[in-house]
Amino acid sequence: MLTLKIIREQTATVLERLTVKGVDAKNTVNEIIAVDDERKAVQTALDANLAQQNATAKEIGLLMKQGSKDAAEAAKNKVAELKKESAGLEQKLAAAEQKLNEKIVLLPNLPSTQVPAGKTPEDNVVVREGGAMPTLIANAVPHWDLAKKYDIIDFELGNKLTGAGFPVYKGKGAKLQRALISFFLDENTAAGYNEVLPPHMVNADSGFGTGQLPDKEGQMYHATADDFYLIPTAEVPVTNIYRDVILNPSDLPIKLTAYTPCFRREAGSYGKDVRGLNRLHQFDKVEIVRFELPEHSYAALDGMVAHVENIVKKLELPYRILKLCGGDMSFTSALTFDFEVYSAAQQKWLEVSSVSNFESFQANRLKCRYRTEDKKTQLVHTLNGSSLALPRIVAALLENNQTENGIRIPEALRKYTGFEYI
RNA sequence: GGAGAGGUGGCCGAGUGGUCGAAGGCGCACGCCUGGAAAGUGUGUAUGCUCCAAAAGGGCAUCAUGGGUUCGAAUCCCAUCCUCUCCGCCA
């Protein structure tokens with residue numbers, strides 16, 4: 001969430017930036033400032049009251065020792081009155097704080113100045129393309145047919161075991177998953193990312209920390225008996241490692257990578273574009289997460305994009321990198337680059353990675369700070385990206401590399417799969 | 001799951017109703033000492049909110065979390081969470 005400081009001190013900039021995301025926040029911002037003024041006034045009044053209570057309570061101790069019972073009784077009555085007033089003020093304060101919080105979480109992150117204007121995915125800007133478009137064999141088919149033909153991914157069986165969107169990978173299909181995970185993790189660790197294997201369920205505090213709660217609650221699977229949530233991405237547990245932590249500047253940057261399965265209810269997205277591997281309820285993903293000094297975060301973002309690009313190249317897939325326009329960006333992001341690979345048999349670009357700088361938006365929720373030279377605390381910048389998500393990579397690999405003799409495995413993966421063809 | 005013990009600052013640890021944001025130690029920072037270092041020695045060392053134009057300096061809150069008792073709570077009571085020990089179950 002945005003800091004009160006920036007909302008109050010740079011109101012015009014905030015409003016102007018938010019229009020890039022298609023948000024008119026004028027009313028909300030005005031309300032926030034008004035509620036905050038009230039909050040401060042109540043806070044000050046309450047503090048004064050409490051100070052008097054504390055002082056009087058101390059006096060009572062002395063009076064008792066001196067044996068001045070009457071004076072002590074009088075002081076007790078005074079405190080009782082003050083307490084009543086304080087109780088009222090406390091309620092007011094709590095109400096103001098709650099209202100303030102409700103308003104402030106409605107504001108999305110400010111898009112960086114690099115973000116192109118636009119409302120829909122058509123307005124995204126292609127910043128780079130690479131990789132050769134494959135020449136498909138005559139009777140090329142989409143990946144769901146290939147999955148069946150080679151018996152490597154069983155959607156029906158997953159349906160029986162769990163439900164739609166939970167495929168069973170079999171034989172070389174299962175091995176391919178494991179190969180991709182190892183390949184991605186090795187690439188990431190070679191680039192200096194420290195591997196972690198986090199829990200696949202998180203508590204509500206972690207959900208709040210990265211912003212899944214409260215607004216996206218319906219998108220997560222919720223284990224109600226223990227109030228745990230299945231993670232929709234490794235970003236959640238990994239980023240929360242540094243929740244409520246004050247770092248030293250020398251600790252930064254922190255670069256982490258994690259493989260986890262991801263669980264998404266995808267409520268409301270039935271029907272379109274969900275065939276085969278295109279959209280699943282459970283899928284595997286390797287994530288990279290960084291914590292940076294504010295002055296370094298955009299250089300870090302560029303580095304992450306270059307890193308992911310390098311991996312996609314090694315997989316020999318045709319790809320393009322998009323800079324998302326204001327209207328297509330997520331609520332929390334300041335700047336996002338999406339990676340898409342071309343899935344030749346579907347004749348469709350598939351999003352396989354999203355790399356974002358959140359600046360201090362997430363850190364403000366997480367309370368992840370660092371100590372500056374002059375001993376003050378300041379919010380860090382957080383970034384993350386998929387490096388990479390498996391299913392659509394698999395879809396593209398299967399479709400683009402189908403031959404008369406089976407599906408060709410790209411060179412870089414062979415030492416992980418142990419086979420060259422499926 | 002049952003029984004018991006416990007959760008205090010970056011860490012260890014004292015504190016069972018007032019003078020406690022909290023002794024002492026370790027660590028860390030800066031200084032003194034030293035040719036340099038170690039040892040020694042001095043000072044400082046939580047976070048959030050708030051008052052103040054700002055600094056200096058005040059105020060409030062925080063001793064797992066949330067409630068309660070009391071004029072006054074780290075300390076007493078209740079609930080929740082967590083940790084440890086034993087038993088049970090178990091990959």
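Note that the coordinates shown come from a computational prediction; the quantities given were computed from them, not determined experimentally.
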If the plane angle is over 60° it's perpendicular, under 30° parallel, otherwise tilted; pick one for A/His307 and A/Tyr193.
tilted
C1' atoms of B/G17 and B/A91, separation to the nearest Å:
50 Å
Could you state the CG-P distance from A/Asp47 to B/U50, rounded to the nearest angstrom?
10 Å
Ion pair check, A/Asp47 and A/Lys40, cut-off under 4.0 Å
no
For B/U47 and A/Arg369 - does any side-chain N or O of the residue sit under 4.0 Å from the phosphate oxygens OP1/OP2?
no
Taking pairing as Watson-Crick or G-U wobble with both contacts under 3.5 Å, can you name the mate of B/A37, or confirm there isn't one?
none
Does the ring of A/Tyr150 carry A/Lys172 above it, NZ/CZ under 6.0 angstrom from centre and within 45° of its axis?
no
Which listed nucleotide (B/C51, B/U19, B/C71) is nearest to the side chain of A/Lys58?
B/U19
Answer for the Watson-Crick or wobble partner of B/G72, both distances under 3.5 Å, is none
I need the CG-C1' distance between A/Asn49 and B/U50, as an integer number of Å.
15 Å
Strand partner of B/C49, provided both Watson-Crick or wobble distances fall under 3.5 Å:
B/G59
In this structure, how many angstroms lie between the P atom of B/G10 and the CG atom of A/Asp251, rounded?
15 Å
Paired nucleotide for B/G4 [Watson-Crick or G-U wobble; both distances under 3.5 Å]
B/C84
Whole-Å distance between B/C51 C1' and A/Asp37 CG?
15 Å
Counting only side-chain N and O atoms of A/Arg371, is one of them less than 4.0 Å from OP1 or OP2 of B/U47?
yes
C1' atoms of B/A64 and B/U8, separation to the nearest Å:
10 Å
Between A/Lys26 and A/Glu31, does any NZ, NE, NH1 or NH2 come within less than 4.0 Å of an OD or OE carboxylate oxygen?
no
Could you tell me how far B/A29 sits from B/A23 if I compare only their C1' atoms? Round to whole Å.
22 Å
Both distances under 3.5 Å, Watson-Crick or G-U wobble: report the partner of B/U16, or none.
none
NA contact type, A/Asn54, heavy-atom cut-off 4.0 Å: base, sugar-phosphate, or nothing?
sugar-phosphate
Classify A/Thr56 by what it touches in the nucleic acid, base, sugar-phosphate, or nothing, heavy-atom distance under 4.0 Å.
nothing
Per the under-4.0 Å heavy-atom filter, residues of residues 73-84 of chain A near RNA chain B come out as A/Lys76, A/Val79, A/Lys83
Interatomic distance at P, B/G25 relative to B/U83, whole Å
33 Å
Across the strands shown, which category fits A/Leu46 at heavy-atom distances under 4.0 angstrom: base, sugar-phosphate, nothing?
nothing
With sequence neighbours excluded, tell me which residues meet side chain to side chain donor-acceptor pair (under 3.5 Å) with A/Tyr169.
none
Tell me which nucleotide, if any, is Watson-Crick or G-U wobble paired with B/U43 when both distances must be under 3.5 Å.
B/A29
Test side chain to side chain donor-acceptor pair (under 3.5 Å) on A/Thr257 and A/Glu195; report intermediate values, then the result.
CA-CA 5 Å; A/Thr257 184; A/Glu195 182 176 348; over 6 Å; no
Give a yes or no on whether A/Asp70 atom CG has more than 12 heavy-atom contacts from other residues, nucleotides or ligands under 6.0 Å away.
no
Protein-nucleotide distance (A/Glu59, atom CD; B/G18, atom P), rounded to Å:
18 Å
Using whole Å, report how far CD of A/Glu97 lies from P of B/C60.
17 Å
Could you work out the separation of B/A22 and B/G15 based on their C1' atoms and round it to a whole Å?
8 Å
Going by the ring pair (Phe, Tyr, Trp, His ring centres under 6.0 Å) test, name the single residue among A/Phe228, A/Tyr229, A/Phe263 that passes it with A/His222.
A/Tyr229
How far does the C1' atom of B/U62 sit from the matching atom of B/G7, given to the nearest Å?
16 Å
Rounded to whole Å, the NZ-C1' distance (A/Lys5 to B/G48) equals 15 Å
Check every atom of B/C71, B/G48, B/C49 against the side chain of A/Thr377 and return the nucleotide holding the closest atom.
B/G48
Given that both distances must come in under 3.5 Å, which nucleotide forms a Watson-Crick or G-U wobble pair with B/A22?
none
Rounding to an integer number of angstrom, what distance separates B/A73 and B/G68 when you compare their P atoms?
12 Å
Using the C1' atom on both, measure B/G24 against B/A38 and round to a whole Å.
24 Å
RNA chain B: A/Leu50 or A/Thr44, which has the more 5' nearest nucleotide?
A/Thr44
Starting from C1' on B/U62, measure out to NZ on A/Lys367 and report it in whole angstrom.
16 Å
Using the test side-chain contact (heavy atoms from CB on, under 4.5 Å), find all partners of A/Glu16 that sit at least two apart in sequence or belong to another chain.
none
A/Lys92 with A/Glu38: basic N within carboxylate O range, under 4.0 Å
no
